[in-house]
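Just dropping this structure here.
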Amino acid sequence: MSVRVRMAPSPTGLLHIGGVHTFLFNWLFARGKGGECLLRIENTDTSREVEEATEQIQRSLTWLGIDWDGAITFQLDAMDRCRELSARLVADGAAYEDEGAIRFRMPDEGVTGWDDAVRGRIEFPNEQLEDVVIVRSDGRPTYNFASPVEDMDDAITHVIRGDDHISNTPKQLQILRALGHEPPVYAHIANILGTDGKKLSKRHGAVSVEEFRTAGYLPEALVNFLALIGWAPDGETTILSRDEIVERFTLEAVSASPGTFDYAKLDWMNGVYLRALPTGEYAERLVEFVHECGTDWPDDGIRAAAPLVQEKIGRLGEFPDLARFLFEDVAPPADDLDPRILRAADDALVATEPWTAAAIETTLRELCDELGEKPRTVYAPIRVAITGSRVSPGLYESLELLGRDTSLARLRRGAEVAA
Ligand code: GLU
């Protein structure tokens, strides 16, 4: 039997990275088994406009490369079906009316349990389970009814979801049994915590997929990183391609204890992915990223700047500040400029031929000897005059790319500002 799972986001705002972690595990499981992964928008509990949230969800998943099979479904579309089934349950005596709402009758004795694919056996004493509302007095089904009904109708084989839903599972199991349906396998994935052991929230850093995207993380790095929260193929492997993860992922290897979202590890991993990109592809990613930021620097200029930063940055989001001097004028702080050195650099570079990083390097090294100064003393004011900052890509390459005219003009202006 082929497996079929569903990703079931509630359409409330931007997609949270914790939710995506759960969806990723659904997706990995389905793809690894050649099964299907559906996308269901769970809008029973929200009367809010869902269109925008639904678009965001699709956009975020698509960016991550997490795809789904068939058309997206909306839980509220199952409303009529749920009412019909609730009437059947009432007729069978498994449910009853209560002040206009319909409640499902839970057994009073015994236990409701299941073999969780991640956490092992879980049981709830039935006396602890309240009769759950399945249809509200306004006629809308509740999540606890619509969700198992859809799982049944969609022939879902495995429900892989966050462990905050564990307390819902006995209710959904009882409902499915009353409907005469053999329940799916349940797998409850532990929540993700920050390194301080607290629930992952804004205080820790980015939490929505959108935020990670605009900060310049690569989707493949984020997927690799997320896959390793609560799952590991072995004790040591960290960098894994998407295909390798799909191939090696199993629910049995998913840990029942909460995983930690380590931002420093993600930064490291993203840097590894960025540096490993072929130069041409790296340049194209930068072009796309800069445009997404709404910056209209010319594509060729961005491509030319790419090799200068590839070894330097761990997130594409660091590029605009580091490379701005190549596209826009600079306003160097006067305190960091030294007119004597800037004038000498201007005099020396005016004659450099050809205008290449190698020739520029030779000129500047000779200049250090002539001035009897250490490279650090000579390069610092030049760097500030040229780039407007003490931190920049390689100085020789930056000068080459900026061109002789602009470079010399900035050295002269720097000398004037400082004088
Ligand atoms: N909509 C629920 C959530 O966002 C998922 C519930 C389920 O998977 O059954 O957590």
Side-chain angles (χ1 to χ4, degrees), residues 3-30 35-48 50 52-54 56-58 60-61 64 66 68-69 72-79 81-82 104 112 114 116-119 122 124 132-134 140-176 179 181 183-193 199-201 207-209 226 229-230 251 254 258-259:
V3 303
R4 185 185 264 185
V5 298
R6 79 300 195 279
M7 307 185 281
S10 303
T12 47
L14 297 174
L15 203 51
H16 190 277
I17 201 73
V20 169
H21 177 250
T22 307
F23 300 156
L24 176 64
F25 280 20
N26 273 279
W27 185 86
L28 290 170
F29 177 71
E36 284 179 282
C37 183
L38 312 186
L39 178 56
R40 171 203 298 171
I41 307 293
E42 298 211 315
N43 57 341
T44 42
D45 288 335
T46 170
S47 49
R48 258 180 276 176
V50 297
E52 200 186 318
T54 304
Q56 286 278 4
I57 289 165
Q58 294 180 73
S60 294
L61 291 176
L64 286 166
I66 300 177
W68 55 92
D69 299 299
I72 302 180
T73 57
F74 293 85
Q75 192 153 69
L76 267 189
D77 291 345
M79 197 149 98
R81 167 80 171 144
C82 286
F104 181 80
T112 303
W114 70 97
D116 196 281
V118 169
R119 309 174 69 96
I122 301 182
F124 284 80
V132 60
V133 172
I134 55 174
R140 286 182 354 143
T142 58
Y143 154 75
N144 265 323
F145 190 44
S147 183
V149 164
E150 286 206 279
D151 290 340
M152 171 176 81
D153 287 352
D154 288 339
I156 297 299
T157 61
H158 294 71
V159 167
I160 304 170
R161 60 185 173 194
D163 62 5
D164 46 326
H165 287 286
I166 287 180
S167 61
N168 289 323
T169 303
K171 302 170 195 168
Q172 300 183 7
L173 274 169
Q174 289 292 349
I175 289 169
L176 286 172
L179 291 170
H181 184 75
V185 173
Y186 290 91
H188 289 94
I189 309 284
N191 249 309
I192 299 183
L193 307 177
K199 201 166 177 250
L200 197 65
S201 75
V207 286
S208 71
V209 177
L226 285 175
I229 299 182
L251 278 181
V254 172

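First listed ligand is number 1; within each ligand, the first listed atom is number 1.
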**Prompt:** Just by distance, do the side chain of Asn43 and the backbone of Phe74 share a donor-acceptor pair under 3.5 Å?
**Reply:** no
**Asked** At a 4.0 Å threshold, what atoms of ligand 1 neighbour a non-hydrogen atom of Tyr143?
**Response**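 In order of numbering, the contacting atoms are 6 (C), 7 (C), 9 (O).
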**Request:** Rounded to the nearest 0.5 Å, what's the gap from CD1 on Ile66 to CG on Leu28? Could you check?
**Result:** 7.5 Å
**Item:** Sidechain-backbone polar pair: Arg140 side chain, Met79 backbone, donor-acceptor under 3.5 Å
**Value:** no
**Among His165, Arg161, Arg6, closest by any non-hydrogen atom to atom 10 (O) of ligand 1** =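 Minimum heavy-atom distance to atom 10 (O) of ligand 1 goes to His165.
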**Request:** Sort out for me which residue in Thr22, Thr169, Asp163, Asp164 forms a side-chain hydrogen bond (donor to acceptor under 3.5 Å, both in side chains) with His188.
**Result:** Thr169
**Message:** Below 3.5 Å, N or O to N or O, backbone or side chain included: is there any such pair between Pro9 and ligand 1?
**Reply:** no
**Prompt:** Which residue holds the protein heavy atom closest to atom 1 (N) of ligand 1, what is that atom called, and what is the gap in Å?
**Reply:**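 So the nearest neighbour among protein heavy atoms is Glu42 OE1, 2.6 Å.
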**Asked** Which atoms of ligand 1 have any heavy atom of Ala8 under 4.0 Å away?
**Response** 1 (N), 2 (C), 3 (C), 4 (O), 5 (C), 8 (O)
**Request:** Measure the distances from the heavy atoms of Ser10 to every atom of ligand 1 and state whether one is below 4.0 angstrom.
**Result:** yes
**Asked** Any donor-acceptor pair under 3.5 Å linking the side chain of His21 with the backbone of Ile192?
**Response**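 Checked: no pair found.
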**For Ser147, the ligand 1 atoms whose distance to one of its heavy atoms is below 4.0 Å** =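 Numbered from 1, ligand 1 contributes 9 (O).
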**Asked** CG/Asp154 to CZ/Arg4 distance, rounded to the nearest 0.5 angstrom?
**Response**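 Going from the CG atom of Asp154 to the CZ atom of Arg4 covers 6.5 Å.
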**Message:** Within the structure, is a non-hydrogen atom of Gly162 found at a distance of less than 4.0 Å from ligand 1?
**Reply:**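 Per 4.0 Å heavy-atom rule, Gly162 does not contact ligand 1.
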